[in-house]
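Let me begin by presenting the structure, written as structure tokens, before commenting on it.
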Amino acid sequence: MQRTEKKTEWLFGLSGRETFLGSLLLVLVFCFADMLIPGRDIIPNYVKYIVADSLIYAIASLGINFYSGYLGETSLGHAAFYGIGAYVTGYLTVHAGLDFWLTVPLGMCAAALAAVPVAFAGRRVRGSFMVVITYAFCEIIRYAVINSAALGGTSGIAGIQAPKIFGVKITKLPFLPSNKDGYILILYAIVAALAFFSWRFVHSRGGYAVAAIREDEIAAEAMGIDVRAYKLKAIVMSAVVCSVAGSFYAVFSNLVDPTLLSATLSINIFTMLVIGGRRSIKGAILGAFIAVILPELLRSVQGVLGLAFDPWYILYGLMLVLIMRFRPEGLFGVRE
């Protein structure tokens, strides 16, 4: 019997390989377009900054998808894991002189350890109770950081240097036109790897078990599925991926501060997934791009029209209401 491949999980009905090759070509053209006309910037550096920022949040969105998407739990605390990765990288690179590439796995370990008490606190609850638990956890971490002199208090940690590849900063690689292209290529590779890992997870035994828990936890436990163990795995995987996004944000912005641990950022990360579509790989990625690029476009409209307020916040609420009303599975999610 011939195997039929599901193509709806990727972009425009393409297969995973076709989506990867097409997006890789697009990224390469985007990064190297400035070399076509020497001495002229075809793509402004600010646009590349926005794309790199979008890729960082795409990693975070793919991360929260393991918990709020595949497991189906709502979290307002994933900024804590994002911030933990950022602070571990910021502190160890600035104060301990550790290489960035060594701080990333350490940040992953710290986020994984931090996720364990959250998982144990939510063993017997779900839904709105988990919202409260994750929100409280995020606030505890934030206030602990604010009151820590070693972590810079409210000022955070500044002066975080860009990572190096073979002794050369990725902002100064000689074969790249701008100082953002190195970030874009590395972040794209991480997003592509995470998309493939997510796809493999969904079609694995663990993915089917998590789906069963999401649909009916009692029935899943009656079938012999270790519900507590899979819940723990889901939130740990989610935390680890979000910490990677935080580590790259630290070196990309050269600064970490307590706003990275705020509930507002948690809501933004969760909203990216809701806009794109829960349990959708392409939705998690494109939802992040929409949530990052759209505010920048509207800020330019604010300047042109001379508005005294930021129109993004109005559209942000309106967009969420419309999506929840007419497309609850998200813009790129699949109706079940």
Side-chain angles (χ1 to χ4, degrees), residues 1-10 15-16 60-78 80-81 108-109 111-137 193-243 266 269-270 272-274 276-285 287 324 327-330 332-336:
M1 182 176 179
Q2 188 176 5
R3 182 181 176 182
T4 303
E5 183 181 2
K6 290 184 179 181
K7 296 187 177 182
T8 55
E9 300 174 23
W10 305 101
S15 67
S61 184
L62 285 168
I64 197 175
N65 198 24
F66 285 104
Y67 186 70
S68 294
Y70 302 132
L71 188 60
E73 296 284 6
T74 300
S75 170
L76 296 184
H78 268 63
F81 307 125
M108 294 166 68
C109 292
L113 290 174
V116 173
V118 179
F120 275 94
R123 284 185 300 175
R124 297 184 179 277
V125 298
R126 63 179 305 162
S128 58
F129 295 101
M130 280 307 301
V131 174
V132 176
I133 290 174
T134 53
Y135 173 80
F137 168 73
L194 282 173
F196 178 71
F197 176 79
S198 298
W199 183 83
R200 290 299 300 266
F201 172 76
V202 170
H203 296 86
S204 69
R205 181 179 179 181
Y208 294 132
V210 168
I213 295 170
R214 181 185 69 245
E215 296 301 328
D216 193 326
E217 186 174 321
I218 297 176
E221 193 165 13
M223 290 188 296
I225 296 174
D226 192 339
V227 173
R228 293 181 180 180
Y230 279 109
K231 280 188 172 184
L232 176 62
K233 290 177 183 178
I235 193 169
V236 167
M237 285 193 299
S238 187
V240 164
V241 174
C242 284
S243 76
S266 292
I269 295 173
F270 178 71
M272 293 172 187
L273 183 63
V274 171
R278 292 193 188 192
R279 303 188 296 280
S280 169
I281 298 172
K282 62 184 176 183
I285 297 171
M324 290 297 98
R327 187 81 180 177
E329 69 278 7
F332 304 98
V334 180
R335 294 182 183 272
E336 297 184 354

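Computed over heavy atoms, backbone and side chain alike; hydrogens, waters and symmetry mates excluded.
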Is there a side-chain contact between [X] and [Y] in this structure, where contact means two heavy atoms from C-beta onward sitting under 4.5 Å apart?
X: S238; Y: H78; value: yes
X: Y67; Y: F270; value: no
X: R279; Y: R214; value: yes
X: V236; Y: K233; value: no
X: M108; Y: V241; value: no

* Asked: For M237 and V240, what are the C-alpha separation, side-chain angles and deciding distance, and is it a side-chain contact (heavy atoms from CB on, under 4.5 Å)?
  -> CA-CA 5 Å; M237 285 193 299; V240 164; 5.8 Å; no

[X] side chain to [Y] backbone, donor-acceptor under 3.5 Å:
X: S61; Y: A284; result: yes
X: R278; Y: S68; result: yes
X: S198; Y: I281; result: no
X: T134; Y: L76; result: yes

Full working for side-chain contact (heavy atoms from CB on, under 4.5 Å) between R228 and D226: CA-CA 6 Å; R228 293 181 180 180; D226 192 339; 4.1 Å; yes

Between F201 and F196, ring centroids under 6.0 Å: no

Would you compute the distance between atom CZ of F81 and atom OG of S75 and round it to the nearest 0.5 angstrom?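 It comes to 6.5 Å.
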
d(F137 CZ, M130 CE) to nearest 0.5 Å is 10.5 Å

In a table with atom names and distances, give each donor-acceptor pair under 3.5 Å that connects a side chain of residues 114-122 to protein atoms at least two apart or in another chain.
none

What heavy-atom pair brings [X] and [Y] nearest, and what distance separates the two atoms?
X: A60; Y: C242; answer: O-SG, 3.6 Å
X: Y230; Y: G206; answer: CE2-CA, 3.7 Å
X: G69; Y: L273; answer: N-CD2, 4.1 Å

K231 meets the side-chain contact (heavy atoms from CB on, under 4.5 Å) criterion, sequence neighbours left out, with L71, E73, I213, E217, V227

